[in-house]
Amino acid sequence: MPKYKIAWLPGDGVGGEVLQAARIVLDRLGLDAEYLPGDIGWEFWRQEGDPLPGRTIELLKQVDAALFGAITSKPAREAAGELAPRLRDEGLVYRSPIVRLRQLFDLYVCLRPCRAFAGNPLNTREGIDLVIFRENTEDLYAGVEFHPVPQTLSRLLEEISPSFAPFKGLAPDQWAISCKINSRKGSERIIRAAFEFARQHRRRRVTVVHKANVVRATDGLFLEAARSIAADYPDIPWDHANVDAMAMWLLKNPLDYDVLVAPNLFGDIVSDLCAQMVGGLGFACSGNIGDRLAVFEPTHGSAPKYVGQSKVNPIATVLAAKMMLDYLSEDRKSQRLEEAVGQVIRDGRVRTYDMGGAGTTLQMAEAIAGKL
Ligand code: IPM
Ligand code: MG
């Protein structure tokens, strides 16, 4: 029997192409795994009314890890319009399956390393090596939202919040509420994960990103959690900053930072900023990690306009596969893979369009496999 069971979730758009690329390098590495294909994506929304069918959830309960490609996401109304006619009157609401997976399996760590590979023409600066820990299950992604706003809720808010006055008397459809919900447990566990990583990998510092000067309840709690967790790690220097200032400093002095930890939405934004500094979406990989399952993915979307052209850069997905190897404690294979990616980038002979070349997705995968 193979050592690992890996759920194989191409999704749609270019998802299949980038996963095929990842498979080429995993096979070349000789990972002892059985790959179990799972249904996820836009087609299943249209045909079944659910982009994350129950059978895929069952599959994920039985695997060691999953590799996920990409999924098309559209705003709720547009999505409803694309449903098969027989499903149109059922009041189905589209929700991003990756966000659902994160919550369903409590994949509370979103790990996003952003490392500048030497010689990547897309680096804004050489030597950047940032690791973002993004809280992955709560915050503004909690999904507790109202539009129209029920009157019971507006009455209650009027009664208990002095800041409510400007919204008093609005008709229910004239405003909307999305709750930012952060728990102490949710905050502490992501911050602890960041400090643990820093200690294990001998990183220089942890920086906590927040907006506690304005969003005092939730981000205040996040910062308070950071203070109490940091006390358990006297060997790791740490600091904290407001997210807006961070955006400027990261761009200005990226080498001054190391491990970053943030609540969900700020982590989403800051990780895109950091990814762009080291090559953009073609290099951005991500791990959604819980205590029992981890799902690895390139951060990019399904790029419908490039489907079938073998055009997109598969490095993000290859690096996601590398993160999966780390998770499985296949350290030697992980290291070899990262070195191979580094060599191909340094050589510069095969470059995809985003890197200014004409290499295809498959050629890039073969080039990396060729270094293994
Ligand atoms: C990401 C993406 C997702 C998110 C989208 C596709 C729902 O931007 O993984 O960063 O917002 O988390
Ligand atoms: Mg994002």
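As the structure lists them, so they are numbered: ligands from 1, and atoms in each ligand from 1.
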Asker: Taking the N/O/S atoms of Asp268 one by one, which is nearest to the Mg ion (ligand 2)?
Answerer: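 The closest N, O or S atom of Asp268 to the Mg ion (ligand 2) is OD1.
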
Asker: Grab the two heavy atoms, one from Tyr94 and one from Pro51, that are nearest each other, plus how far apart they are.
Answerer: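 Closest heavy-atom pair between Tyr94 and Pro51: CE1-CG, 3.6 Å.
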
Asker: Where is the tightest heavy-atom contact between Phe222 and Val209, given as atom of each residue plus distance?
Answerer: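 Taking every non-hydrogen atom into account, CE2-O, 4.0 Å.
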
Asker: So, 4.0 Å and heavy atoms of Ser96: is ligand 1 close enough to count as a contact?
Answerer: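 Flag set, Ser96 near ligand 1.
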
Asker: Suppose we measure from atom 3 (C) of ligand 1 to each protein heavy atom; which comes out shortest, and what is that distance?
Answerer: Arg102 NH1, 4.2 Å

Asker: Look up atom 7 (C) of ligand 1 and tell me if a protein heavy atom lies less than 4.0 Å from it?
Answerer: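 So far as the 4.0 Å threshold goes, atom 7 (C) of ligand 1 is in reach of a protein heavy atom.
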
Asker: Tell me, please: is Arg112 in heavy-atom contact with ligand 1, that is, under 4.0 Å?
Answerer: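 True for this residue.
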
Asker: Is it the side chain (CB and beyond), the backbone, both or neither of Val99 that lies under 4.0 Å from ligand 1, heavy atoms counted?
Answerer: side chain

Asker: Could you check whether Lys180 pairs with Asp139 (Lys NZ or Arg NE/NH1/NH2 to Asp/Glu carboxylate O, under 4.0 Å)?
Answerer: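 Here Lys180 pairs with Asp139 in a salt bridge, since their nearest N and O are under 4.0 Å apart.
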
Asker: Can a side-chain donor-acceptor contact be found between Asn182 and Ser187 if the only test is distance below 3.5 angstrom?
Answerer: no

Asker: Nearest protein heavy-atom contact for atom 2 (C) of ligand 1: which residue, which atom, what distance?
Answerer: Asp268 OD1, 4.1 Å

Asker: Sort out for me which residue in Arg115, Arg205, Arg204 forms a salt bridge (Lys or Arg N to Asp or Glu O under 4.0 Å) with Asp258.
Answerer: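 Only match with Asp258 under salt bridge (Lys or Arg N to Asp or Glu O under 4.0 Å): Arg204.
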
Asker: Which heavy atom in His210 sits nearest to a heavy atom in Asp219, and how many Å separate them?
Answerer: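 Taking His210 first and Asp219 second, the nearest heavy atoms are C-OD2, 3.5 Å.
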
Asker: Can you confirm whether or not the ring centre of Trp175 sits under 6.0 Å from the ring centre of Phe164?
Answerer: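 Distance test on ring centres: under 6.0 Å, yes.
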
Asker: Mind checking whether Arg134 has an N or O less than 3.5 Å away from an N or O of ligand 1?
Answerer: yes

Asker: Suppose we measure from atom 4 (C) of ligand 1 to each protein heavy atom; which comes out shortest, and what is that distance?
Answerer: Tyr141 OH, 3.4 Å

